[in-house]
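First the proteins, then the strands, lettered A, B, ... as listed; each starts at 1.
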Amino acid sequence: MFKIATWNVNSLRVRLEQVLEWLAHSKADVLALQETKLTDENFPKDIFLEQGYQVAFIGQKTYNGVCIISKHPLAEVVTEVPGYQDEARRVIAATIADLRLINLYVPNGSALGTDKYAYKLRWLAAIEAFIKNQLAVYPKLAVVGDFNIAPEAIDVHAPEEWEDTVLFCEEMRRAFDRLKALGLVDSFRLMPRSDEQQQYSWWDYRQGSFRRNRGLRIDHILLSHGLSKSCLSADVDINPRKSAQPSDHAPVFVCLDDAFDK
DNA sequence: ATGGTGGTCTTACCA
């Protein structure tokens, strides 16, 4: 079994012990993190190396920052989208055995009609072109991360309250569908689930959202068809969200069968 | 109720 996970940790400095504990407990082979909020010189590289992991990271002060932690060698690391200038460190891609992994921290977008929302749209258009190119080179592609998009009403605790917000609106649903149309499937929806099995990956820190399970599923693992046939399970581990001093996001993961890289 | 919480070289900003 090969386990791939993604987690927006909202500061790796604060969440380092939780990440190490989750890695050990989950036995994930690959963990992609977003919002590390660390410059590269402050990244705790040695701690991961001592624990037997390889790491690739790109960060900045205060905001953004992404990394890939892996039990297996990382190769062909890319930390920006070719042809798209962006000071924000939101993308890192690497090859692990036969798997190509793209880790994304999609802009939040603030509010519809703002400059930040326009940036989210431009950023997603650039990523769409990048993914299209990567798919042509790497048939076994996983695109993971904090997408800041809830794809369907079932992914939102109160869709009528969230409709026409940056996380859940027609334009973002279309952007998500365009990514899937490149040849990717939402691993979570690959598995049969009933309406009662709503599952979220993010709950606002405010207003006791987690306690009331007022969440959204905005963290995703998209798999190319070359990988989706090897997908055994897809789920969210909400346990870290219950811990003291939690991230506002929970880890999302998939398990692939061992034959995926054959 | 334009609030609420948490993170950041904090007293403003981002999510």
What interatomic distance, in whole Å, is found between P of B:dG3 and the corresponding atom of B:dA12? 15 Å
Nearest-angstrom distance from the residue atom CG of A:N108 to P of B:dT5: 19 Å
Between B:dT10 and B:dT5 - C1' atom distance, rounded Å: 15 Å
So what does A:Y105 hit on the nucleic acid, given a heavy-atom distance under 4.0 Å: a base, only sugar-phosphate, or nothing? sugar-phosphate
Whole Å only: how far is the CG atom of A:D146 from the P atom of B:dG7? 16 Å
Please give the distance between the P atoms of B:dA1 and B:dG6 as a whole number of Å. 25 Å
Check the orientation of A:W22 and A:F253. Use parallel for under 30°, tilted for 30 to 60°, and perpendicular for over 60°. tilted
Spacing between A:R13 atom CZ and B:dG7 atom P, to the nearest angstrom: 12 Å
Please report the distance, rounded to the nearest Å, between CG in A:L216 and C1' in B:dA15. 13 Å
It should be established whether A:R15 places a side-chain nitrogen or oxygen under 4.0 Å from OP1 or OP2 of nucleotide B:dG7. yes
Between A:W162 and A:F168, does the ring centroid distance fall short of 6.0 Å? no
How close or far is atom C1' of B:dT8 from atom NZ of A:K37, stated in whole angstroms? 6 Å
Length of the CG-C1' vector between A:L12 and B:dG6, whole Å: 16 Å
Would you say A:Y205's side chain and A:D248's backbone share a donor-acceptor pair under 3.5 angstrom? yes
In this structure, how many angstroms lie between the P atom of B:dT8 and the CG atom of A:L16, rounded? 12 Å
Tell which nucleotide pairs with B:dG4, taking only Watson-Crick or G-U wobble pairs whose two distances are both under 3.5 angstrom. none
With rounding to whole Å, what would you report as the distance between B:dC9 and B:dA15 at their P atoms? 16 Å
Take the protein atom CG of A:L167 and the nucleotide atom P of B:dA15, then report the distance between them rounded to whole Å. 11 Å
In terms of ring plane angle, is the pair A:F43 and A:F57 parallel, tilted or perpendicular, where the classes change at 30° and 60°? parallel
